[in-house]
Amino acid sequence: MDNNKLAKPPMEQFLEWRTPRYGTQNPTKINSELLPWIVENKLSAYTVNQEFGYSNNPEDDPTWSFGRNGQTTTLLEDGRTIYIGGEYEDSYDPDFKIYNDIIVKHPSGDISIYNYPREIFPPTDFHTATLVNGSIIIIGSLGYHELRRIGHTQVFSLNINTYEITKLDISGTCPGWIHEHCAELSDDKTFITIIGGEVACDGERVFIKENIEDWRLNLNNLNWEKLTNRNWKRIQIKRKDCGWNHLWEYRQLKFSRSNDWKNDHDKEYKELGCELGMEPNLDLLEKLYRPPIKFEVLPEREDEHKVHRIIVENVVVRFVEDDEFIQVTIEGDISVNSQNTIENYILKTLSVLENCESILERY
């Protein structure tokens with residue numbers, strides 16, 4: 001047993017420091033026995049509650065969690081590790097929380113935690129953190145719905161010596177409210193290039209679309225520049241009633257059938273049939289991305305989920321399955337006839353699979 005490990009704090013410390021809080025200064029250093037112990041043991045809110053025998057009531061604030069998604073980790077040359085923000089679970093969970101804190105693990109084993117006023121550094125997740133000299137440049141966020149600024153890209157600078165956070169005012173054409181992207185620092189440390197990710201957009205309702213362009217932030221003059229203009233064609237196909245589709249259930253059913261799990265298969269088949277109001281059509285699922293034109297199927301990538309690709313007229317056509325829609329991206333120019341055939345085929349096939357009329361939206 002490691003004698004240097006922090007001892008489990010008493011119940012009084014748990015009750016005092018269980019819930020996350022915002023800072024009053026920039027930064028606000030936290031003096032708590034509980035939170036460093038949670039970090040050292042890499043505990044989630046669920047595990048922390050179990051450790052102290054605590055059960056959340058619906059009206060309770062969430063329990064503080066080190067286990068998070070969308071949190072960045074930056075290793076400094078002096079051995080410090082800096083964790084920024086992130087979220088725990090989703091809104092359905094009583095411990096759901098998007099954090100705006102900075103956690104520092106020192107080479108000595110000490111752990112420092114800093115909070116910030118919400119107006120200085122809002123809750124931030126699925127951002128990037130790029131180390132540039134004495135600062136970490138924090139770009140993007142998904143964040144809470146009500147805090148998103150559609151058409152704006154959130155950029156902050158964290159001083160790695162004082163832990164002060166500064167909002168950067170950027171000019172130029174920005175990527176928009178981007179998250180889950182990649183950031184690459186140029187060799188001369190004057191540019192950060194942003195690729196991939198997703199962007200929250202405003203329409204009849206806020207929706208998320210894939211970022212298909214490349215962007216560059218000039219760190220000398222704090223100006224955004226759009227590097228590409230791909231103009232790929234993109235559509236979404238979804239149920240006309242705007243309900244969630246059953247593609248995930250279909251694929252689970254296919255998985256249990258392929259593994260010859262008869263009991264699971266029969267149970268899932270019956271449940272899905274009840275939801276659809278018809279017998280599930282697994283054979284048609286296999287043909288969902290096989291339109292009646294000449295095409296080549298590309299192999300699925302191990303690092304992706306729910307993504308299918310074919311090549312039509314030497315152009316990649318990508319299908320991404322979401323709970324609400326199928327996103328179709330045509331990564332280049334194909335004939336109008338081929339595009340119409342793909343769109344109409346997916347539209348009709350999804351309608352049959354769902355036993356519900358589907359509609360098509362372009363964006």
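The residues Asp78 and Arg80 are annotated as salt-bridged, a charged nitrogen and a carboxylate oxygen being separated by less than 4.0 angstrom. By the 4.0 Å N-to-carboxylate-O rule, Asp266 lies close enough to Lys262 to be salt-bridged with it. Glu343 and Arg362 are joined by a salt bridge, as a carboxylate oxygen and a charged side-chain nitrogen come within less than 4.0 angstrom of each other. Salt bridge present: Arg318 and Glu210 bring a charged side-chain N and a carboxylate O closer than 4.0 Å. Salt bridge status for Lys238 with Glu324: absent, with no side-chain N to carboxylate O gap under 4.0 Å.
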* salt bridge (charged side-chain N to carboxylate O under 4.0 Å, His left out) between Lys306 and Glu321, worked out -> CA-CA 5 Å; Lys306 300 182 180 180; Glu321 294 178 0; over 6 Å; no
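The side-chain heavy atoms of Arg18 and Asn56, taken from C-beta on, include a pair separated by under 4.5 Å. The shortest distance between side-chain heavy atoms of His106 and Ser112 falls below 4.5 Å.
With hydrogens and angles left out, the side-chain atoms of Arg234 and Thr329 include no donor and acceptor closer than 3.5 Å.
Seen from the ring of Phe14, Lys8 does not count as a face-on cation partner, given the 6.0 Å and 45° thresholds.
With ring centers used as reference points, Trp261 lies under 6.0 Å from Phe255. Remark: aromatic rings of Tyr250 and His246 are distant, center separation not under 6.0 Å.
Checked options Glu87, His179, Gln154; the residue passing with Thr124 is Gln154 (criterion: side-chain hydrogen bond (donor to acceptor under 3.5 Å, both in side chains)).
Annotation for Asn115 and Gly23: closest pair CB-N, 3.6 Å, computed over non-hydrogen atoms. The two residues Phe52 and Pro10 come nearest to each other via the heavy atoms CE2-O, 4.1 Å.
Using a 30° and 60° split on the angle between ring planes, Tyr83 and Phe66 fall in the perpendicular class, above 60°.
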